[in-house]
Amino acid sequence: MINLTDSAVNAIKSAISSSTHPTGGLRVMIEAGGCNGFKYKMGLVEEPKPGDTVIECDGLKVFVDNKSCEHLIGTTIDFVMAMESSGFTFHNPNATANCSCGKSFS
């Protein structure tokens, strides 16, 4: 359902290893908002919520709530290092339009 590139896996593992809080995985979700109607949200969490889909990617657990699942099917999450900005990018085949910031879609 969700794919993580090697770069994303390394960035997430680095964040987990430097976290001061217990971390069981990465939560990825979609919220209303952003420039195009929906925005991506992600963060480290201790455990999944009841009803979450749990996906394993290269030893990492990714938690996705049921409302976000339909929007994220086939999405690839990458971590890009660039001179002007670095961060996670989303390649979502379900998006009909993307914002130039890469963090929102419709």
Side-chain angles (χ1 to χ4, degrees):
M1 177 216 281
I2 292 177
N3 302 302
L4 300 175
T5 65
D6 291 341
S7 180
V9 168
N10 292 335
I12 296 163
K13 285 183 176 180
S14 177
I16 289 172
S17 68
S18 63
S19 177
T20 58
H21 301 288
T23 303
L26 175 72
R27 171 169 301 289
V28 179
M29 60 189 297
I30 302 298
E31 289 185 341
C35 306
N36 273 354
F38 293 106
K39 63 182 177 179
Y40 300 102
K41 186 173 179 185
M42 41 190 273
L44 301 176
V45 295
E46 190 171 344
E47 60 188 26
K49 292 181 179 177
D52 278 353
T53 297
V54 180
I55 304 158
E56 294 234 8
C57 296
D58 198 19
L60 293 173
K61 290 185 179 178
V62 179
F63 311 133
V64 182
D65 65 273
N66 287 333
K67 288 192 275 185
S68 298
C69 279
E70 67 183 83
H71 297 290
L72 293 171
I73 293 172
T75 297
T76 298
I77 300 173
D78 192 11
F79 186 80
V80 178
M81 298 283 292
M83 289 181 67
E84 59 278 351
S85 67
S86 298
F88 290 96
T89 61
F90 300 84
H91 304 282
N92 187 341
N94 305 299
T96 57
N98 293 301
C99 181
S100 62
C101 72
K103 306 295 183 208
S104 69
F105 69 99
S106 62

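Applying side-chain hydrogen bond (donor to acceptor under 3.5 Å, both in side chains) to Tyr40 and the options Thr89, Thr75, Asn92 leaves one that passes, Asn92. Results of the side chain to side chain contact (heavy atoms under 4.5 Å, CB included) test with Arg27 over Leu44, Val64, Val45 single out Val45 as the only residue that passes.
Between the side chain of Ser17 and the backbone N or O of Ala15, no donor-acceptor pair lies under 3.5 Å. Asn10 contributes no side-chain N or O that, together with a main-chain N or O of Ser7, makes up a donor-acceptor pair within less than 3.5 Å. At distances below 3.5 Å, at least one donor-acceptor pair connects side-chain atoms of Ser19 with backbone N or O atoms of His21.
The shortest side-chain heavy-atom distance between Leu26 and Lys61 does not fall under the 4.5 Å cut-off.
From Ile12, atom CD1 reaches atom CG of Leu60 across 5.5 Å, with rounding to the nearest 0.5 Å. In this structure, Asp78 CG and Phe90 CZ are separated by 10.5 Å, a value rounded to the nearest 0.5 Å. From Glu31, atom CD reaches atom NZ of Lys39 across 5.5 Å, with rounding to the nearest 0.5 Å. Note that OG1 of Thr23 and NZ of Lys13 are 14.0 Å apart. Values are rounded to the nearest 0.5 Å. Expressed to the nearest 0.5 Å, how far CD1 of Ile73 lies from OG1 of Thr53 amounts to 9.5 Å. We find the CE-SG distance between Met1 and Cys57 to be 10.5 Å, quoted to the nearest 0.5 Å.
The two residues Leu4 and Val62 make their nearest non-hydrogen contact at CD1-CG2, 4.0 Å. The two residues Gly51 and Asn66 make their nearest non-hydrogen contact at O-OD1, 3.1 Å. What you find for Met81 and Ser86 is that their closest heavy atoms are CA-OG, 3.4 Å. Closest approach of Gly74 to Asn3, counting heavy atoms only: O-ND2, 4.3 Å.
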For this session: Mind running side-chain contact (heavy atoms from CB on, under 4.5 Å) on Lys67 and Ile30 for me, showing each step along the way?
Result: CA-CA 8 Å; Lys67 288 192 275 185; Ile30 302 298; over 6 Å; no
Exercise. Stepwise, does the side-chain contact (heavy atoms from CB on, under 4.5 Å) test hold for Met42 with Phe63?
Worked result: CA-CA 10 Å; Met42 41 190 273; Phe63 311 133; over 6 Å; no
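Side-chain contact, Asp65 with Ser68: a donor N or O sits under 3.5 Å from an acceptor N or O.
Residues Ile77 and Met29 do not share a hydrophobic cluster, defined by chaining ILVMFWY side chains whose heavy atoms lie under 4.5 Å apart. In the hydrophobic clustering of ILVMFWY residues, with side-chain heavy atoms under 4.5 Å counting as a link, Leu72 and Val9 come out together.
By the 30° and 60° cut-offs, the orientation of the rings of His71 relative to Phe38 is tilted.
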